[in-house]
2 protein chains.
Amino acid sequence: MDDLSQYLRQQASFKRNTAEELTFIKALKLRDVHLAAGKMIIEEGVTPTQLYTLMDGWAFRHQTLKNGNRQILNFLFPGDIIGLQQNLLDISNNNVQALTPVTLCELNRQQLWQLYEKHPALAYDITWLCAQEEKIVDDNLVNVGARNGLERVAMLLLHLYKRYKAIYPIPGKTIPFPLTQQEIADALGLSLAHTNKTLRKLEKLGLHSIDNNALTIYDEHMLASLADYYSTPIKPRPLLC
Amino acid sequence: MDDLSQYLRQQASFKRNTAEELTFIKALKLRDVHLAAGKMIIEEGVTPTQLYTLMDGWAFRHQTLKNGNRQILNFLFPGDIIGLQQNLLDISNNNVQALTPVTLCELNRQQLWQLYEKHPALAYDITWLCAQEEKIVDDNLVNVGARNGLERVAMLLLHLYKRYKAIYPIPGKTIPFPLTQQEIADALGLSLAHTNKTLRKLEKLGLHSIDNNALTIYDEHMLASLADYYSTPIKPRPLLC
DNA sequence: CGAGCCCTTGAATCCTGTCAAATGCAGTGG
DNA sequence: CCACTGCATTTGACAGGATTCAAGGGCTCG
């Protein structure tokens with residue numbers, strides 16, 4: 001196991017594995033893949049799709065319609081699995097792209113079936129990760145469909161902040177923040193101009209600030225009440241790498 | 001195996017199982033549950049959550065914010081599993097409700113773990129169903145976030161039409177349609193009034209009609225191009241009941 | 001036949017999108 | 001070293017799609 005895997009595993013938000021499971025997981029790993037910011041990890045229409053675990057950096061899954069609108073479905077953090085849906089359903093109608101430089105753990109997708117046969121606990125973990133990702137998409141759908149602009153932005157900032165903190169429990173109110181306003185807009189179903197104005201409004205209210213690719217949350221409570229944020233206690237999650 | 005299970009299994013859109021798997025699945029079933037239209041199947045905050053397979057009728061999963069807006073996350077058809085996310089993640093922040101009278105196959109959730117240990121193929125199926133449900137939520141998120149009102153309505157009508165036809169391959173252009181306009185609105189993130197006006201507009205264009213809880217699609221091609229509908233060839237799906 | 005629910009419409013309002021332009025910053029190359 | 005380019009951010013004016021508010025009609029059911 002390399003450094004990144006070791007670091008993540010020791011975090012409270014990740015699950016422990018038995019020695020036997022770790023051995024199998026290790027055998028599952030093909031190689032590390034490093035990609036620069038902006039590179040495609042999974043591209044629409046390209047099959048077969050590889051199976052990865054994101055080990056470092058941020059990524060996002062998105063889809064573009066003929067009308068030119070891009071919808072970002074979810075943001076991916078270390079520990080998230082990439083390409084599961086595409087492998088299982090044998091479809092590939094959306095893209096996964098690196099938002100920052102990323103490190104990926106490429107898994108041997110040929111052995112996915114063996115995993116189900118030999119390690120039911122890991123199979124269960126994969127289903128868990130799938131359900132977890134669905135929950136995040138659920139939350140995003142609620143956000144886009146049932147909140148206004150201001151609430152959406154507040155929710156997104158808080159959501160990303162919480163997820164980052166769960167993986168990197170650093171002190172302070174600031175986290176790295178690689179999103180452009182265009183990406184925020186595409187995640188929230190808002191126009192770029194309106195996203196900008198909304199961000200400025202929140203900032204003038206003293207709730208947050210974004211400088212130098214870093215997000216600082218000044219008033220978490222206020223943001224939470226604005227967004228009607230419901231805290232979801234995240235249980236220790238499995239890590240496949 | 002009862003009638004409903006038998007009917008679904010013989011449809012092209014459902015997968016075959018081995019005799020051994022069928023025996024195990026049969027043992028997994030606790031009982032049939034019948035609920036009237038409008039009844040809650042899974043209620044927010046109520047734990048533990050049962051695990052069901054929807055065998056007959058329509059249902060929907062939804063969530064309501066403090067601002068009063070309800071977001072419908074997805075509609076459920078026969079074959080869909082209900083309560084998996086809640087059981088796996090141990091959360092229950094959304095509701096599942098019957099849209100028509102429904103028949104549910106209640107599964108023994110205590111044996112879920114045994115299923116993973118003894119029947120990897122079925123475990124794989126469950127993950128598949130989870131990924132499939134995520135895909136539907138993905139599609140809904142794209143719909144709500146990246147399309148305008150007219151496109152959203154066109155997409156929803158077509159989507160429901162296709163899903164219904166996949167399960168009940170009846171001839172003709174008409175399917176039962178139990179949704180109220182309020183439910184359409186809540187699924188699409190639109191207001192009731194605007195949903196109504198948009199439906200009427202599509203109807204005046206001769207693309208569809210809704211009468212007596214039945215939807216007729218007159219111009220599938222036009223609706224598809226309006227909505228930028230991308231057909232997703234659905235592979236035979238597993239059935240757990 | 002009244003109550004309740006759903007559908008339908010119109011008018012006014014407002015949130016959000018579109019269009020356009022200016023600013024600042026980082027990287028490039030002359 | 002400094003134009004020059006490209007990208008992201010910021011703003012304003014304007015248009016338009018969507019919401020809100022309100023009221024009327026149709027239908028079912030007790």
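Throughout, a chain's letter reflects where its sequence line sits, starting with A, and its residues are numbered from 1.
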Kindly compute the distance separating CG (A:L150) from CG (A:L205), expressed to the nearest 0.5 Å.
7.0 Å
Rounded distance (Å) that lies between atom C1' of D:dT9 and atom CD of A:E203
11 Å
Roughly how many Å is it from CG in B:D186 to P in C:dC7, rounded to a whole number?
12 Å
Round to a whole Å and report the spacing from CG of B:D211 to C1' of C:dC6.
14 Å
Separation of atom CG in A:N212 from atom P in C:dG24, rounded to whole Å
16 Å
Examine the side chains of A:D138 and B:Q71 and answer whether a donor and an acceptor come within less than 3.5 Å of each other.
no
Evaluate B:K173 against B:D219 for salt bridge (Lys or Arg N to Asp or Glu O under 4.0 Å), listing each step before the verdict.
CA-CA 9 Å; B:K173 301 182 163 192; B:D219 194 338; over 6 Å; no
Figure out the CD/P separation between A:Q181 and C:dG24, and round it to whole Å.
16 Å
So, is A:N196 near the phosphate of D:dT9, with a side-chain N or O under 4.0 Å from OP1 or OP2?
no
Rounded to whole Å, the NZ-C1' distance (B:K201 to C:dT8) equals 15 Å
For the CD atom of A:Q63 and the CG atom of B:D139, what is their distance to the nearest 0.5 Å?
6.5 Å
Over how many whole Å does the gap from A:E183 atom CD to D:dA8 atom P extend?
8 Å
Gap between atom CG of B:D80 and atom OG1 of B:T53 - 0.5 Å precision:
9.0 Å
Axis-to-axis angle across the helix from C:dC1-D:dG30 to C:dG30-D:dC1, five pairs an end, to 10 degrees?
30°
Angle class for the B:H62/B:F60 ring planes (parallel below 30°, perpendicular above 60°, tilted otherwise)?
parallel
Which whole-number value in Å describes the distance from A:K204 NZ to D:dT10 P?
10 Å
Within the sub-3.5 Å range, which N or O atoms of nucleotides 17-26 of chain D have a protein N or O partner, and how far apart are they?
from	atom 1	to	atom 2	distance (Å)
D:dA18	OP1	B:G149	N	2.9
D:dA18	OP2	B:H194	NE2	3.2
D:dT19	OP1	B:G189	O	3.4
D:dT19	OP1	B:S191	N	3.1
D:dT19	OP2	B:S191	N	2.8
D:dT19	OP2	B:S191	OG	2.8

What residues form a side-chain contact (heavy atoms from CB on, under 4.5 Å) with A:V33, not counting sequence neighbours?
A:R31, A:L35, A:Y52, A:L104, A:E106
Set out, in order, the CA-CA distance, both residues' side-chain angles and the distance that settles ring-ring contact (aromatic ring centres under 6.0 Å, His included) for A:Y7 and A:F14, then state yes or no.
CA-CA 10 Å; A:Y7 169 81; A:F14 286 91; 8.7 Å; no
Test item: A:T103 side-chain N/O and A:M55 main-chain N/O as donor-acceptor pair under 3.5 Å
no
